[in-house]
Amino acid sequence: MILGNLNPAQRSAVLHESGPLLILAGAGSGKTRTITHRMAHLIDCGCAAESLLAITFTNKAAKEMQERMEGLIGVRSPWISTFHSYCARILRRHIERLLPYGNSFTIYDAGDSRNIIKEILEELEVDRSLWSARAAQEEISRIKNAACGDIEQAGIGNFANGRMLRSIYEAYTEALRKRNAVDFDDLLLLTVRLFTECPDVLARYQDQFRHVLIDEYQDTNAIQYRLGRLLTATHRNLCITGDPDQSIYGWRGANLSNILNFEEDYPDARVITLAQNYRSTQHILDVANSLIVHNGLRKPKTLWTEAAAGEPVRVYRFSNDAEEATEVALLIQGLIESGTPHGDIAVLYRINALSRPVEKSLIYAGIPYSIVGSIAFFLRREVKDVLAYLRILDNPRDEESLKRILNVPTRGIGKATIKKLVQIARSTGRPLLDLLFSDGWQATVNRKAETSVSSFVEILKTLRTKKSSKVQDLVQAVIEETRFETFLRESRGDSAREDIENVWQLVAAGKEYDTEHQDGTLTGFLEVVNLLGDIDRWRRSEDKVPLMTIHSAKGLEFPVVVILGVEDGILPLLNAEDPEADIEEERRLLYVGVTRARDQLFITHTANRMRFGSVRAAYPSRFLRELQPIATADPPTRCPIEIDEGTLESIHFLDEPRGRRSGQGTPDLDFADELFFDDNAFDLEEDAPYPVGSRVRHADHGVGEVVRISGIGSRQRVTVAFEETGEKQFVVGYVKLERIR
DNA sequence: ACACCGCCCGTTTTT
DNA sequence: CGGGCGGTGT
């Protein structure tokens, strides 16, 4: 085994033999390298490859790890997959132990679930102001993820809405069971249930996997935490890697304390910190470090590098989003002209909506780009329609898919008919498809509908005979039997071409699956399709500028990164009705964005931004004032003035001609300037409610002395050195402090 | 049954 | 600005 290329920390992680191990891996610290080497080392030491299990969060990460493993040890590779795929595979084998599920269960995506929830809300006659489908869906997911499906524990309360939620939850669970379907959360949840209810199954996997590795542990939720514990309960060979500073999935139930408390869970755990960064320049790391240090919930660590200082990080301010978009396009054009490949320049943003103006500018500038994420390919309407045919063939109880395609392509089966059919099915207690295949429904619908449904049934019967052909042929058969292409051409106007193209891409996906899986099945194909996100399908290409959310960019790196819209309200994303927004998570998000950059980093913000269809004032992100040091400059194409040691005031200075130029100077612009740039015009010593040196009392921390303040107004932060608990930082607007002196 | 119109709604982030 | 949904007209 080659240990020579590893640094001392990496090496000790590789050499750690057994027992719990926590690898705190900073961004760009060679984590994947370390864990693949570790696995290879274990195999070298006599572990069978089959006895290793590595769990990642994205298929992309799994694939990358897989490839690196093959490079290191040859073909026999350990089991490496995402939590979700791993659980799906376990369930395919054993779900029949959890009746009434069968092993051809269908995995429902959020859209499918939403449809069921809508039906339930209708059936239960739920007042729409009490529960929207969206809200109910979110709550259901929260119950599953945070409380492992235990309603009692989820604390939903006993008021009308809580009681209603309980009914919705139960009806939803029952609906899925009837359809032999599971949602994303169920994949994990049912696996935990399987392991708990069937100790023999658990024992089998505990025995098989002598070493379990969980990647990105900072993003695990309650169920994933339990899975990890269950799988390693006997041998305790649990190796986790993660970085509390990169936890960005709190909204999905990720529980940061899983990683923060790992050492309490496993007092004998070995902890290794990887802080040497091999990715970014010193300037970029300085910015990253200065930002993240403002977080309280973390394990302190400072990234360092042997690399050069590099280009300064630049913060650009624009008067509106259109200008931002044009200038970013010009910036990119300049980079491309000087030889940077398109694929080396990533444009990142907090919310998908921000991509549009930039897309326009890129098109205008003739720069090819590709959007990664947003609407996943397999979620497109026409693709899902074709897939629905496959799904109903695979799982005859999948009522959602059946209803979806009864009248797609349009064949004269309307809502009323569908409703009638569903009703008969319900009253006879048989699956809808069973009913349609029998002759117990014809009398209840009108003649026209009757012939239509019959012809639909005929199509399904024909397709059923081809069920075990190659996936590619099956997809093609669906398109031909249903005359799907004609349907698209006739029913879609402008988008017909694109829609048809997408449908044929699905055939291509089937072909790809067939070649990659010699013993593939329809079930297998559908599973891949379901669990594959857009980011997983994305292949880095030289000739397109990638545009994506920061969430999608996690785990990736680019020589040049542009982060758009770093404004209060967007990053951090602030929600009017939810003032308790997790600012620290937002800060981590920016941190993740910043640490994607290898050589050059550009951060932009605007004074006015089009949102919700109208122009609104935008304010620089509160995070910008935490960045140290930043060099700032006017946008490159207009006034190429550069400042060697940028200060906040210099932006103010540079910015003045800006308002005039755009002719859009608004009072808000001035306010924004003041908010952000006039830090030093404000006398911090005099006007602060808790000046430096004053003594204060805090309910939890006791008495302390103010050692530092920063910012102004309600956004002001105050750092207090408490006698008992040490230094803490607060936002003045949110903390209760009693001033003693 | 279905196409069309117009209103209102809301928007993070994804396996 | 865009999608979803309710209502209307054919």
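Proteins get letters first, then strands, A, B, ... in listed order; numbering begins at 1 in each.
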Inset, instruction - Kindly assign one of parallel, tilted or perpendicular to the pair A:Tyr86 and A:Tyr205, based on the angle between their ring planes and the thresholds 30° and 60°. - result: perpendicular
Inset, instruction - Evaluate the ring planes of A:Tyr249 and A:Trp251, with Trp represented by its six-membered ring, and classify them as parallel (under 30°), tilted (30 to 60°) or perpendicular (over 60°). - result: tilted
Heavy atoms only, 4.0 Å cut-off, all strands: where does [X] land among base, sugar-phosphate and nothing?
{"X": "A:Ser85", "answer": "nothing"}
{"X": "A:Lys118", "answer": "sugar-phosphate"}
{"X": "A:Arg134", "answer": "sugar-phosphate"}
{"X": "A:Asn407", "answer": "sugar-phosphate"}
{"X": "A:Ile413", "answer": "sugar-phosphate"}

Figure out the [atom1]/[atom2] separation between [X] and [N], and round it to whole Å.
{"X": "A:Arg252", "N": "B:dT12", "atom1": "CZ", "atom2": "P", "answer": "16 Å"}
{"X": "A:Lys63", "N": "B:dT15", "atom1": "NZ", "atom2": "C1'", "answer": "17 Å"}
{"X": "A:Ile418", "N": "B:dC2", "atom1": "CD1", "atom2": "P", "answer": "9 Å"}
{"X": "A:Arg114", "N": "B:dG10", "atom1": "CZ", "atom2": "C1'", "answer": "12 Å"}
{"X": "A:Arg142", "N": "B:dT15", "atom1": "CZ", "atom2": "P", "answer": "22 Å"}
{"X": "A:Glu138", "N": "B:dT15", "atom1": "CD", "atom2": "C1'", "answer": "16 Å"}
{"X": "A:Ile248", "N": "B:dT15", "atom1": "CD1", "atom2": "P", "answer": "11 Å"}
{"X": "A:Trp251", "N": "B:dT15", "atom1": "CH2", "atom2": "P", "answer": "8 Å"}

Out of [options], which has the shortest distance to the side chain of [X]?
{"X": "A:Ala416", "options": "B:dT14, B:dA1, B:dT13", "result": "B:dA1"}
{"X": "A:Arg350", "options": "B:dC2, B:dT12, B:dT15", "result": "B:dT12"}
{"X": "A:Tyr249", "options": "B:dT14, C:dG2, B:dC2", "result": "B:dT14"}
{"X": "A:Ser552", "options": "B:dT15, B:dT14, B:dA1", "result": "B:dT14"}
{"X": "A:Thr410", "options": "C:dG2, B:dC2, B:dT15", "result": "B:dC2"}

Legend entry - Earlier contact from the 5' end, DNA chain B, for A:Lys415 and A:Arg611: A:Lys415
Legend entry - Residue whose nearest DNA chain B nucleotide is more 5′ - A:Ile570 or A:Ala449: A:Ala449
Residue-phosphate contact under 4.0 Å: [X] side-chain N/O, [N] OP1/OP2:
{"X": "A:Asn352", "N": "B:dT13", "result": "yes"}
{"X": "A:Thr549", "N": "B:dT14", "result": "yes"}
{"X": "A:Asn221", "N": "B:dT15", "result": "no"}

Legend entry - Among A:Ile418, A:Asp398, A:Leu421, A:Asn115, the one residue meeting side chain to side chain contact (heavy atoms under 4.5 Å, CB included) with A:Lys403: A:Ile418
Legend entry - Where A:Glu216 and A:Phe57 come nearest, the two heavy atoms and their spacing: O-CE1, 3.3 Å
Inset, instruction - Examine distances only and state if a side-chain atom of A:Asn407 and a backbone atom of A:Gly414 form a donor-acceptor pair shorter than 3.5 Å. - result: no
Legend entry - Sole candidate of A:Asp186, A:Asp185, A:Thr173 that passes side chain to side chain donor-acceptor pair (under 3.5 Å) when paired with A:Lys144: A:Asp186
Inset, instruction - Provide the distance between the two P atoms, one in C:dG4 and one in B:dT13, to the nearest whole Å. - result: 15 Å
